[in-house]
Amino acid sequence: MVNDGISVDVTKDEAKILVTVSGEIDLGSIGRLEDELDTVDASADVVLDCSRVDFIDSSGLRLLAQESRRIADAGGSLRLRNPSSSVRRVVEIAGFDELI
């Protein structure tokens with residue numbers, strides 16, 4: 001579903017929950033991503049595919065950190081898959097490399 005410059009698609013299989021994101025993760029769009037992440041089983045392995053994310057700002061990083069903690073506290077894990085070069089750079093600079 002597309003909303004505020006972001007598209008989020010959630011699919012599940014036996015091993016993981018795949019959340020595919022397209023567009024920009026910023027203050028205007030994090031509400032949509034947060035709503036989708038809140039619906040996933042936090043005790044599962046959650047993979048966030050960011051290959052089609054053009055931009056992420058500090059509010060997006062804050063959301064990733066918050067969701068990573070929430071999911072880890074429930075026994076699951078959150079990992080980024082295929083982050084675009086711009087996302088990878090921001091995530092590495094912020095010291096969130098462990099998510100990749």
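Any value given below was found using the heavy atoms of this structure, including those in side chains, with hydrogens, waters and symmetry copies removed. Starting from 1, each residue takes its place in the sequence as its number.
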Residues Asp41, Lys12; criterion side chain to side chain contact (heavy atoms under 4.5 Å, CB included); working and verdict: CA-CA 10 Å; Asp41 177 4; Lys12 301 171 188 173; over 6 Å; no
Worked verdict on Val21 versus Ile6 for side chain to side chain contact (heavy atoms under 4.5 Å, CB included): CA-CA 7 Å; Val21 184; Ile6 192 171; 3.6 Å; yes
Full working for side chain to side chain contact (heavy atoms under 4.5 Å, CB included) between Asp9 and Val19: CA-CA 6 Å; Asp9 182 52; Val19 181; over 6 Å; no
Residues Glu34, Asp38; criterion side chain to side chain contact (heavy atoms under 4.5 Å, CB included); working and verdict: CA-CA 6 Å; Glu34 183 174 27; Asp38 283 346; 3.9 Å; yes
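In this structure, Leu61 and Val91 approach most closely via the heavy-atom pair CD2-CG2, 4.0 Å. Between Ile25 and Gly60, the shortest heavy-atom contact is CG2-CA, 3.6 Å. Listed here is the closest heavy atom pair of Leu64 and Leu78: O-CD2, 3.9 Å. For Phe96 against Ala65, the heavy-atom pair with the smallest separation is CZ-CB, 3.9 Å.
Using a 4.5 Å heavy-atom threshold, the side chains of Val90 and Asp57 count as separate. Contact of the Leu18 side chain with the Asp49 side chain is registered, since non-hydrogen atoms from C-beta on lie closer than 4.5 Å. Looking at heavy atoms from C-beta onward, Lys16 lies out of side-chain contact with Val46 at the 4.5 angstrom threshold.
Between the Ser29 side chain and the Glu24 main chain, a donor and an acceptor come within less than 3.5 Å of each other. The backbone N or O of Asp54 lies less than 3.5 Å from no partner atom in the side chain of Ser84, so there is not a single donor-acceptor pair.
Both Val10 and Leu33 sit in one connected hydrophobic cluster of ILVMFWY residues. Membership requires side-chain heavy atoms under 4.5 Å apart, directly or through other members.
Taking OG1 of Thr11 as the reference point, atom CD1 of Ile17 lies at 9.0 Å (rounded to 0.5 Å). The CG atom of Leu63 lies 8.0 Å from the CD1 atom of Ile56; values are rounded to the nearest 0.5 Å. Cys50 SG to Arg88 CZ: the interatomic distance, rounded to the nearest 0.5 Å, is 10.5 Å. Put simply, CG on Leu48 and CZ on Arg79 are 12.0 Å apart, with the number rounded to the nearest 0.5 Å. Distance check: Gln66 CD to Arg62 CZ gives 6.5 Å after rounding to the nearest 0.5 Å.
Arg89 pairs by the side chain to side chain contact (heavy atoms under 4.5 Å, CB included) definition with Ile93, not counting sequence neighbours.
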Kindly list each side-chain donor-acceptor pair under 3.5 angstrom involving residues 70-77, sequence neighbours excluded, with atom names and distances?
from: Arg70; atom 1: NE; to: Glu67; atom 2: OE1; distance (Å): 2.9
from: Arg70; atom 1: NH2; to: Leu37; atom 2: O; distance (Å): 2.8
from: Arg70; atom 1: NH2; to: Glu67; atom 2: OE1; distance (Å): 2.7
from: Ser77; atom 1: OG; to: Asp45; atom 2: OD1; distance (Å): 2.8

